[in-house]
Novice: 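Shown below is the structure under consideration.
We're numbering straight along the sequence, starting at 1. Quantities reported herein were computed from a predicted structural model and do not represent experimental measurements.
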Amino acid sequence: MKLKACLTALLFIACIKTGFSQVLITTTLPDSISYWEKTNVVGLDINEIAFVNWSVGGNNSVTILGKGNFTRKYHRKNVNWLNELILRYGYNSQEGQGPRKTDDQFQFNSTFGYRKDTISNLYYSAKFNLNTQFANGYNYPNKLHEISGPLAPAYIFLGVGAEYIRKDWGFNAYFSPLTDKTTLVLDQYLADQGAFGVKGAIKDADGNIIEHGKKSRTEVGMLLTSQLKRQIFKNIMLDNRITLYSDYLNKFGNVDINYQFALDMTVNQYVRANIGANIIYDNDIKATEERDGAVVTVGPKLQLKQMLGVGLSYTF
């Protein structure tokens with residue numbers, strides 16, 4: 001019996017040692033190295049106001065804004081490739097009137113750069129930019145004819161130049177002496193009106209269209225863009241962008257301006273507040289005014305959009 005007990009104990013110890021040895025020699029292969037940085041941010045802002053027996057009056061209303069920002073960045077040695085997709089769409093529903101669009105943006109940016117060594121902050125770069133919207137826009141309350149639409153307009157920039165990047169500052173500046181700017185107006189009604197700088201329709205003395213307007217316009221000029229994106233205070237991120245463009249062939253010296261300013265303030269992991277503004281000046285976009293009950297076209301004016309919102313945000 002003692003011999004049997006000893007043999008059982010030895011067998012048990014051998015099994016334990018074998019098990020430990022198996023654990024010790026088990027290895028996990030490391031994940032492959034990725035040179036891509038990925039960021040996805042989606043958010044939803046909701047603003048609601050309701051009245052019940054409110055003595056001073058008011059209209060019930062709901063405003064909803066959905067937004068997304070998706071970036072894909074590739075960086076390895078001398079190569080830097082940044083891709084960014086910005087989406088925004090919002091609408092407002094107010095008592096006594098139908099839903100109205102409040103915000104609409106589809107923007108895609110892609111910049112590919114190559115530097116001659118791994119120390120330099122200067123890249124030889126090529127840039128592509130597309131800026132348009134999802135849905136028709138109207139001069140409310142008039143909904144008879146749209147004043148904008150999907151790819152009407154759409155602005156496409158494609159050029160080559162140089163880009164200065166400072167990651168430690170969150171700063172980059174791009175200059176291109178040769179950039180093609182294409183304006184698309186794929187809505188024939190707007191194209192016939194000559195909207196957004198395209199050539200309008202040719203009409204006879206009675207106003208009948210002889211030849212439809214052009215749906216695109218091409219310019220060649222110089223482009224300057226700059227962005228500063230960095231944390232300026234605890235939980236407050238600044239995103240400051242400006243784009244300047246001047247056409248060589250048509251009225252050189254007139255500068256198209258697109259300035260965007262945003263403060264993103266983090267309350268907690270899922271709640272954020274944001275303040276922003278967008279200022280645009282384009283010599284080819286004519287403003288309209290109402291005079292004596294009629295809408296007339298006037299010269300270009302400064303365009304301003306202000307944003308203030310609090311809502312849910314999720315980063316993944």
Side-chain angles (χ1 to χ4, degrees), residues 34-45 65-88 103 105-115 117-131 157 161-176 223-245 257-280 304-316:
S34 176
Y35 297 99
W36 286 96
E37 296 178 16
K38 303 177 182 180
T39 304
N40 306 296
V41 181
V42 294
L44 181 67
D45 295 348
L65 172 64
K67 51 191 176 181
N69 191 309
F70 309 92
T71 61
R72 298 292 184 271
K73 184 176 181 181
Y74 179 86
H75 181 76
R76 184 183 182 188
K77 295 182 179 178
N78 300 350
V79 176
N80 190 77
W81 185 19
L82 176 63
N83 300 279
E84 181 182 35
L85 177 63
I86 301 173
L87 309 175
R88 296 175 63 92
D103 200 354
Q105 182 181 23
F106 179 99
Q107 182 176 337
F108 176 72
N109 304 303
S110 182
T111 306
F112 181 86
Y114 178 83
R115 57 183 177 179
D117 56 59
T118 57
I119 301 175
S120 176
N121 294 314
L122 187 64
Y123 290 78
Y124 302 103
S125 299
K127 179 182 283 289
F128 172 83
N129 171 267
L130 168 65
N131 202 344
F157 292 91
E163 184 175 29
Y164 180 78
I165 301 176
R166 286 294 302 264
K167 293 183 180 180
D168 52 337
W169 297 350
F171 173 80
N172 69 74
Y174 169 84
F175 173 73
S176 169
L223 175 69
L224 174 65
T225 69
S226 177
Q227 180 182 14
L228 177 64
K229 186 175 183 178
R230 62 181 300 171
Q231 185 172 321
I232 55 175
F233 297 107
K234 185 179 180 181
N235 297 335
I236 299 180
M237 179 69 72
L238 168 69
D239 191 350
N240 194 69
R241 310 181 185 211
I242 188 168
T243 298
L244 305 173
Y245 179 82
I257 303 171
N258 190 328
Y259 173 69
Q260 301 176 66
F261 167 83
L263 283 177
D264 189 1
M265 295 165 282
T266 303
V267 179
N268 57 37
Q269 184 179 359
Y270 298 109
V271 179
R272 292 186 181 182
N274 52 80
I275 300 172
N278 189 185
I279 298 174
I280 296 176
L304 172 64
K305 178 174 69 175
Q306 295 176 288
M307 296 155 284
L308 172 61
V310 178
L312 301 177
S313 179
Y314 180 64
T315 302
F316 59 99

Novice: Which heavy atom in Arg72 sits nearest to a heavy atom in Thr39, and how many Å separate them?
Specialist: NH1-O, 3.6 Å

Novice: Is the Lys NZ or Arg CZ of Lys127 less than 6.0 Å from the centre of Tyr174's six-membered ring, within 45° of the axis?
Specialist: yes

Novice: In the structure I gave you, are the side-chain heavy atoms of Leu65 and Arg88 within less than 4.5 Å of one another anywhere?
Specialist: yes

Novice: Quick one: does Arg115's side chain have a donor or acceptor within less than 3.5 Å of a partner on Lys77's backbone?
Specialist: yes

Novice: For the CG atom of Asn78 and the CG atom of Asp117, what is their distance to the nearest 0.5 Å?
Specialist: 7.0 Å

Novice: Give me the atom names and distance for the closest heavy-atom approach of Phe112 to Val79.
Specialist: CE1-CG1, 3.7 Å

Novice: Tell me, please, which residues at least two apart from Phe233 pass ring pair (Phe, Tyr, Trp, His ring centres under 6.0 Å).
Specialist: none

Novice: Between Lys67 and Asp45, is there a salt bridge with N-O shorter than 4.0 Å?
Specialist: yes

Novice: Give the intermediate values and the outcome of side chain to side chain contact (heavy atoms under 4.5 Å, CB included) for residues Tyr164 and Phe171.
Specialist: CA-CA 8 Å; Tyr164 180 78; Phe171 173 80; 4.1 Å; yes

Novice: What do you reckon, is OH of Tyr74 surrounded by more than 12 foreign heavy atoms closer than 6.0 Å?
Specialist: yes

Novice: Would Phe70 and Leu87 satisfy side chain to side chain contact (heavy atoms under 4.5 Å, CB included), going step by step from the backbone distance to the final call?
Specialist: CA-CA 9 Å; Phe70 309 92; Leu87 309 175; 4.0 Å; yes

Novice: Would you say the side chain of Leu223 lies within less than 4.5 Å of the side chain of Leu244, judging by non-hydrogen atoms?
Specialist: no

Novice: Going by heavy atoms in the side chains, are Met265 and Ile275 under 4.5 Å from each other?
Specialist: yes

Novice: I need the minimum non-hydrogen distance between Glu163 and Ser125, along with the two atoms involved.
Specialist: CB-OG, 3.4 Å

Novice: Ignoring hydrogens, what is the shortest heavy-atom contact between Asn83 and Ser110? Give both atom names and the distance.
Specialist: OD1-OG, 2.7 Å

Novice: Given the rule in the side chain to side chain donor-acceptor pair (under 3.5 Å) test, do Asn258 and Asn278 qualify, once you have shown the distances and angles that lead to the verdict?
Specialist: CA-CA 7 Å; Asn258 190 328; Asn278 189 185; 3.1 Å; yes

Novice: As an exercise, state the distance from OG1 of Thr243 to CD of Gln260, rounded to the nearest 0.5 Å.
Specialist: 7.0 Å

Novice: Is there a side chain to side chain contact (heavy atoms under 4.5 Å, CB included) between Thr111 and Phe128 once you walk through the steps?
Specialist: CA-CA 6 Å; Thr111 306; Phe128 172 83; over 6 Å; no

Novice: Do Leu228 and Leu238 pass the side chain to side chain contact (heavy atoms under 4.5 Å, CB included) test, and can you show the C-alpha distance, the side-chain angles, and the key distance before you say yes or no?
Specialist: CA-CA 7 Å; Leu228 177 64; Leu238 168 69; 4.3 Å; yes

Novice: Would you indicate whether the side-chain heavy atoms of Ile236 and Gln231 approach each other to under 4.5 Å?
Specialist: no

Novice: Short question: side chain of Ser34, backbone of Trp36 - any donor-acceptor pair under 3.5 Å?
Specialist: yes

Novice: As an exercise, state the distance from CG of Leu224 to CZ of Phe175, rounded to the nearest 0.5 Å.
Specialist: 7.5 Å

Novice: Between Glu84 and Arg241, does any side-chain N to carboxylate O distance fall below 4.0 Å?
Specialist: yes

Novice: Could you walk me through whether Asn109 and Asn129 pass the side chain to side chain donor-acceptor pair (under 3.5 Å) check?
Specialist: CA-CA 5 Å; Asn109 304 303; Asn129 171 267; 2.2 Å; yes

Novice: Just so I know, are the side chains of Asn172 and Lys229 near enough to count as touching, which here means a heavy-atom distance under 4.5 Å?
Specialist: no

Novice: How long is the straight-line distance from CG of Leu85 back to CG of Asn69, given to the nearest 0.5 Å?
Specialist: 8.0 Å

Novice: In Å, rounded to the nearest 0.5 Å, how long is the span from CG of Leu44 to OG of Ser313?
Specialist: 10.0 Å

Novice: What residues, two or more places apart in sequence or in another chain, satisfy side-chain hydrogen bond (donor to acceptor under 3.5 Å, both in side chains) together with Tyr259?
Specialist: Asn240

Novice: Let me confirm one number: the CG-OH distance from Leu82 to Tyr123, rounded to the nearest 0.5 Å.
Specialist: 11.5 Å

Novice: Which pairs with one or both residues in residues 166-175 pass salt bridge (Lys or Arg N to Asp or Glu O under 4.0 Å), sequence neighbours excluded?
Specialist: Arg166-Asp168

Novice: Decide yes or no on ring pair (Phe, Tyr, Trp, His ring centres under 6.0 Å) for Tyr314 and Phe316, but give the supporting numbers first.
Specialist: CA-CA 7 Å; Tyr314 180 64; Phe316 59 99; 5.5 Å; yes

Novice: So, for Tyr245 and Phe157, is the gap between ring centers shorter than 6.0 Å?
Specialist: yes

